[in-house]
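What follows is one structure encoded as structure tokens, with my remarks underneath.
Atoms within a ligand are numbered from 1 in the order they appear, just like the ligands themselves.
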Amino acid sequence: MEFESIDEFHEKIKRIIISEEEIKAAVKKAGEMINSSYDGRPILLVSILKGSFIFLSDLCREINVPCEIGFMAAKSYYEGTQSSGIVKITMDLQQDVSKYHVIIVEDIVDTGRTLKDVAKLINSRNPISLNVITLLDKPDRRIVDFKVDYSLFTIPDLFVIGYGLDCGEYFRNLPYIAEFSEK
Ligand code: 5GP
């Protein structure tokens with residue numbers, strides 16, 4: 001993606017749909033839920049890169065029970081803003097999940113394919129338990145049957161950017177979630 005000018009770059013940010021303050025409050029609540037559910041038992045937070053890196057970093061600072069961090073990278077191949085349906089695990093976890101209560105931390109669930117594949121892989125390695133938390137959920141777009149355990153925000157069928165989510169690798173650093181302008 002190339003931009004003729006800084007104005008053209010800014011014009012791609014159509015409108016803010018979830019503010020910084022709303023995200024902060026929802027992440028705090030999610031952290032409290034994890035603290036009360038796990039009660040001191042060891043947790044492994046598995047961040048699915050790259051989109052969830054900001055959500056993970058804010059969420060883990062709201063957690064006050066013992067937790068470790070792990071990373072996996074999964075790539076959903078996109079044609080423009082549409083998923084091609086091909087998901088590839090490009091970086092695997094280092095930890096032996098059989099020693100942990102695993103929480104997969106995802107940025108957004110769209111068709112559900114990425115999470116279904118990642119959860120299947122982690123489950124095959126026998127974690128003590130497995131739960132999935134996502135910042136955003138687009139249930140209208142679901143193609144495969146996958147239910148997340150905790151979703152911070154449900155959004156309509158829009159392509160969104162910011163707070164870790166990109167378009168062509170840009171916009172991840174926006175502190176809010178915005179609708180991307182296709183124009
Ligand atoms: P799924 O496998 O559920 O179709 O897609 C999940 C992945 O697609 C997400 O982790 C994210 O990388 C990407 N994705 C899906 N919807 C959006 C969106 O609205 N904005 C951005 N930036 N990425 C999306």
Original post:
Does Cys167 have a non-hydrogen atom less than 4.0 Å from ligand 1?
Top reply: no

Original post:
In terms of atom number and element, which parts of ligand 1 are under 4.0 angstrom from non-hydrogen atoms of Asp166?
Top reply: 21 (C), 22 (N)

**OP:** Report yes or no: does a heavy atom of Ile161 sit under 4.0 Å from some atom of ligand 1?
**Re:** no

Original post:
Are any of the N or O atoms of Leu115 closer than 3.5 Å to those of ligand 1?
Top reply: no

Subject >> Shortest heavy-atom approach to atom 12 (O) of ligand 1 - which of Val118, Asp107, Thr114 >> reply: Asp107

**OP:** Verify the neighbour count for atom CG of Asp145: are there more than 12 heavy atoms of other residues, nucleotides or ligands below 6.0 Å?
**Re:** no

**OP:** Before accepting this row, confirm whether a basic side-chain N of the pair Glu20/Lys24 lies closer than 4.0 Å to the acidic partner's carboxylate O.
**Re:** no

Original post:
Between Asp137 and Tyr150, is any side-chain donor less than 3.5 angstrom from a side-chain acceptor?
Top reply: no

Subject >> Glu106: numbered ligand 1 atoms lying under 4.0 Å from its heavy atoms >> reply: 10 (O)

Subject >> Contacting atoms of ligand 1, where contact means under 4.0 angstrom from a heavy atom of Arg113 >> reply: 2 (O), 3 (O)

Subject >> Greater than 12 external heavy atoms within 6.0 Å of Glu169's CD >> reply: yes

Original post:
Under a 4.0 Å N-O cut-off, is there an ion pair linking Asp92 with Arg125?
Top reply: yes

Subject >> Ion pair check, Asp117 and Lys120, cut-off under 4.0 Å >> reply: no

Original post:
In Å, rounded to the nearest 0.5 Å, how long is the span from CZ of Arg172 to CD1 of Ile161?
Top reply: 11.5 Å

**OP:** Would you indicate whether Glu8, at its atom CD, is surrounded by more than 12 heavy atoms from other residues, nucleotides or ligands within a distance under 6.0 Å?
**Re:** yes

Original post:
Do any nitrogen or oxygen atoms of Val109 lie less than 3.5 angstrom from nitrogen or oxygen atoms of ligand 1?
Top reply: no

Original post:
Is there a heavy atom in Lys138 that sits closer than 4.0 Å to ligand 1?
Top reply: yes

Subject >> Atoms in ligand 1 flagged as close to Ile108, the criterion being non-hydrogen separation under 4.0 Å >> reply: 6 (C), 9 (C), 10 (O), 11 (C), 14 (N), 15 (C), 16 (N), 17 (C), 18 (C), 19 (O), 24 (C)

**OP:** Could you tell me which atoms of ligand 1, counted from 1 in the order shown, lie closer than 4.0 angstrom to a heavy atom of Leu158?
**Re:** 19 (O)

